[in-house]
A.B. asks: 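If you scroll down you'll find the structure; I have some questions about it.
The sequence lines fix the lettering, A, B, ..., with proteins before strands; numbering per chain opens at 1. Treat the numbers as computed from the prediction; the structure is a model and nothing was measured.
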Amino acid sequence: MTIRLFNTLSGKIEDLAASDGQSFRMYACGPTVYDYGHIGNFRTFLQVDVLRRFLKLQGLTPRHVMNITDVDDKIIRNAAAAGVDIGQYTPRFEKAFFEDLDALNVEKPEIVARATEHIPSMVGLIEKLAEQDCAYKTEDGSWYFRIAKFPGYGKLSKKDFTGITDGARVDVDEYDKDSARDFALWKAAKPGEYRWETALGAGRPGWHIECSAMATEYLGSGIDLHAGGEDLMFPHHENEIAQSESASHQCFARHWFHVRFLLVEGKKMSKSEGNFYTLRDLLLKGYKASAIRLLLISVPYRQQLNFTFEGLAAETGAIDRLRNFQQRVRSASAAATENSSLADETAKCEKNFIEGLANDLNSAEARAAVFDLVRAGNAAIDAGTLGAENVAQILGVLQQFDHVFGVLEDHDAEWTKFALEWAEREGRLNEASPEVLAQRGFSDEQIQKLVDERTQAKKTRNFARADAIRKELAEKGVLIEDSKDGVRWKRK
RNA sequence: GCACCGGUGGCGAAGUGGCUAACGCGCUGGUCUGCAAAACCAGUAUUCGCGGGUUCAAUUCCCGCCCGGUGCUCCA
């Protein structure tokens, strides 16, 4: 199946392929590690995850590079405020970032590259640009990219800069740039500021240069795909193209993948609106990591997604249904004969699932196909017309679904516990919801004891006592389910 | 202000110039149960922001308006 994906550069939907016929070389802009990641950040990382997982499902081998921006103005400012070196400031946020990706079941890229560990590579690139007069040094010792030397500037974001008047909006710090649009490659250190001593002078890299240097170092020129949030299109990605292509005289990236921003409760997410959420905020409120993942990936990446708590609750229900179905199919007693219409239904699901994703990563279409199978499969189980071959086929399709969607395995309670432990260490337990908090210190053993007592009470038909225990457990966030195979319980 | 994207049932959301407008959640009814819960089944938009136009036919194409979002500046 040919994978078709929208390319920001061409403005068209194009076929995706590994240009070297072996590995699919992709670069995705990673986080600036100065704070905890919010759900907007994670929508982008999650959509890139869906893409790379689907590529793998389709037999491609991704070679995926992600940068960690561990030096920038915000980091320098925050570290200085905390009275520590940037090297002491960033690791905890980098660690938190990867923990969050783990919680969201995001696969780790093949290569993770920190900006601070690639300074020589960036310096080399700037020197190469300087040799071609594409970079120049200003009086304060900073280096800038000369946009006038790159005719293709604006081709990604579709901007026409020909009419821009130089000097129209010049920043005070940038008074000696040749053109207002020229951007910093290397920022000279002001007294007392964090710095690297290099051939370019003492300073630190500009924001855009790290991605050009590291993408090229690990992947070479003409990479298959470059990804990021829609906001990065301009100026970040535009500048990456200008730098990289001026230095190499080759295409930097063939395909550009941009993920749309999300809304929260119908509004732009911002701290002042009070609708700004980190992953940890949501876990502490008792939402499941898997539901957060599913919600963030279920709306196609080019579509604005409205993140709501009602939607999050809905996805929790959807996940339960999918997991229950898988469990039901696994333990179903197979009928003697195969159900051919169900076999057709299963094949159709697989086809629609793959086609949906191949169609510009339409995850909504893909998951709808799976729910069609859930309905058909459940009906067959109810009717007792599920053959052994049917079981194998359905489980196979669910496995494919989960290769990409990654929500069927249940690690939710572990991540909630993880968030609680983190909050406790950070002195932020007050941010946890009462229900989540009630689970703290309520051990599995204690729960089991109450569950057993209730079972005994039921045996003696002491329903009043049994119901009282059920109520008590419910108040502490534990749900009881009676079934033929005994009593099950789970933390909500 | 200029440019771009979107507005589909209670909520999220797919899709299409003409077949019963996907799918999930919710809700209602049913099966099951000591009662629940869970699970399963069934039902649930004469209609796709508003006003025009093109067309035999528009939710789908065009124009205008209203609303939301994004970019033009740091931002996933």
A.B. asks: Report which part of the nucleic acid A:Asp73 touches: base, sugar-phosphate, or nothing (heavy-atom distance under 4.0 Å, all strands).
C.D. replies: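 It contacts nothing in the nucleic acid.
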
A.B. asks: Return whichever of A:Asp72 or A:Arg488 has its heavy-atom-nearest nucleotide of RNA chain B closer to the 5' end.
C.D. replies: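 Closer to the 5' end of RNA chain B: A:Arg488.
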
A.B. asks: Looking at A:Phe6, does the NZ or CZ of A:Arg302 lie under 6.0 angstrom from its six-membered ring centre and within 45 degrees of the ring axis?
C.D. replies: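 Yes, A:Arg302 and A:Phe6 form such a contact.
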
A.B. asks: Taking the same atom, C1', in B:U46 and in B:C5, what whole-Å distance lies between them?
C.D. replies: 31 Å

A.B. asks: When the C1' atoms of B:A21 and B:G29 are compared, how many Å lie between them, rounded to an integer?
C.D. replies: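 Between the two C1' atoms, the distance is 25 Å.
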
A.B. asks: Check whether A:Phe261 forms a cation-pi arrangement with A:Lys268 (NZ or CZ under 6.0 Å from the six-membered ring centre, at most 45° off the ring normal).
C.D. replies: no

A.B. asks: Taking atom C1' in both B:U47 and B:U60, what distance in whole Å separates the two?
C.D. replies: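 Result for the C1' pair: 13 Å, nearest Å.
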
A.B. asks: So that I can compare with my own list, what are the stems of RNA chain B, taken as at least three consecutive Watson-Crick or G-U pairs with distances under 3.5 Å?
C.D. replies: B:1-7 with B:66-72, B:10-12 with B:23-25, B:26-31 with B:39-44, B:49-53 with B:61-65

A.B. asks: Base, sugar-phosphate or nothing for A:Pro300? Non-hydrogen atoms, less than 4.0 Å.
C.D. replies: sugar-phosphate

A.B. asks: Answer yes or no as to whether B:A76 has its base stacked against A:Phe261, where stacking requires a ring-centre separation under 5.5 angstrom and planes under 30 degrees apart.
C.D. replies: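 It does: the ring sits over the base of B:A76.
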
A.B. asks: Can you tell me, in whole Å, how much space there is between the P of B:G17 and that of B:G26?
C.D. replies: 33 Å

A.B. asks: Over all heavy atoms of both residues, which pair between A:Leu450 and A:Ile469 is shortest? Give the atoms and the distance, please.
C.D. replies: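 Heavy atoms only, the tightest pair is O-CG2, 3.5 Å.
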
A.B. asks: Give A:Ala318 one of three labels, base, sugar-phosphate or nothing, depending on what nucleic acid heavy atoms sit under 4.0 Å from its own.
C.D. replies: sugar-phosphate

A.B. asks: Given atom CG of A:Leu262 and atom C1' of B:A13, what is their separation to the nearest angstrom?
C.D. replies: 15 Å

A.B. asks: Determine: side-chain N/O of A:Lys267 to OP1/OP2 of B:G69, distance under 4.0 Å, yes or no.
C.D. replies: no

A.B. asks: Which of these nucleotides, B:G34, B:A36, B:C11, is closest to any side-chain atom of A:Thr308?
C.D. replies: B:C11

A.B. asks: Taking the six-membered ring for Trp, are A:Phe93 and A:Tyr89 parallel (under 30°), tilted (30 to 60°) or perpendicular (over 60°)?
C.D. replies: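 The rings of A:Phe93 and A:Tyr89 sit tilted, inter-plane angle from 30° to 60°.
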
A.B. asks: State yes or no: are the ring centers of A:Phe309 and A:Tyr277 separated by less than 6.0 Å?
C.D. replies: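 Centroid distance A:Phe309-A:Tyr277: below 6.0 Å, so yes.
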
A.B. asks: By the definition ring pair (Phe, Tyr, Trp, His ring centres under 6.0 Å), identify the one residue from A:Trp207, A:Phe150, A:Phe145 that meets it with A:Phe183.
C.D. replies: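 Of the listed residues A:Trp207, A:Phe150, A:Phe145, the ring pair (Phe, Tyr, Trp, His ring centres under 6.0 Å) partner of A:Phe183 is A:Phe145.
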
A.B. asks: Distance check, P atoms only: B:G43 and B:C11, in whole angstrom units.
C.D. replies: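 Rounded to whole Å, the distance is 22 Å.
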
A.B. asks: What residue pairs, at least two apart or across chains, pass salt bridge (Lys or Arg N to Asp or Glu O under 4.0 Å) with a residue in residues 288-298 of chain A?
C.D. replies: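 Listed by first then second residue: A:Asp49-A:Arg293, A:Lys288-A:Asp320.
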
A.B. asks: Take atom P in B:G15 and the same atom in B:G7, then report the distance between them in whole Å.
C.D. replies: 10 Å

A.B. asks: Can A:Phe42 be said to stack with the base of B:A76, given centres closer than 5.5 angstrom and planes under 30 degrees apart?
C.D. replies: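 The base of B:A76 is not stacked with A:Phe42 (the test needs centres under 5.5 Å and planes under 30°).
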
A.B. asks: Report yes if the side chains of A:Ile241 and A:Lys155 come closer than 4.5 Å at any heavy-atom pair, otherwise no.
C.D. replies: yes

A.B. asks: Determine the interatomic distance between P on B:C23 and the same-named atom on B:U44; round to the nearest Å.
C.D. replies: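 These two P atoms come out 12 Å apart once rounded.
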
A.B. asks: Considering only atom C1', compute the distance from B:G6 to B:G12 and round it to an integer number of Å.
C.D. replies: 15 Å

A.B. asks: When the nearest nucleotide of RNA chain B is assigned to A:Phe371 and to A:Asn378 on a heavy-atom basis, which residue is associated with the more 5' position?
C.D. replies: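 The residue whose closest nucleotide sits nearer the 5' end is A:Phe371.
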
A.B. asks: With the side chain of A:Glu310 defined as its heavy atoms from C-beta on, choose the nearest nucleotide among B:G10, B:G15, B:A39.
C.D. replies: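 For the A:Glu310 side chain, the nearest candidate turns out to be B:G10.
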
A.B. asks: To the nearest angstrom, how far is A:Asn275 atom CG from B:G68 atom C1'?
C.D. replies: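 The distance from CG of A:Asn275 to C1' of B:G68 comes to 14 Å, rounded to the nearest Å.
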
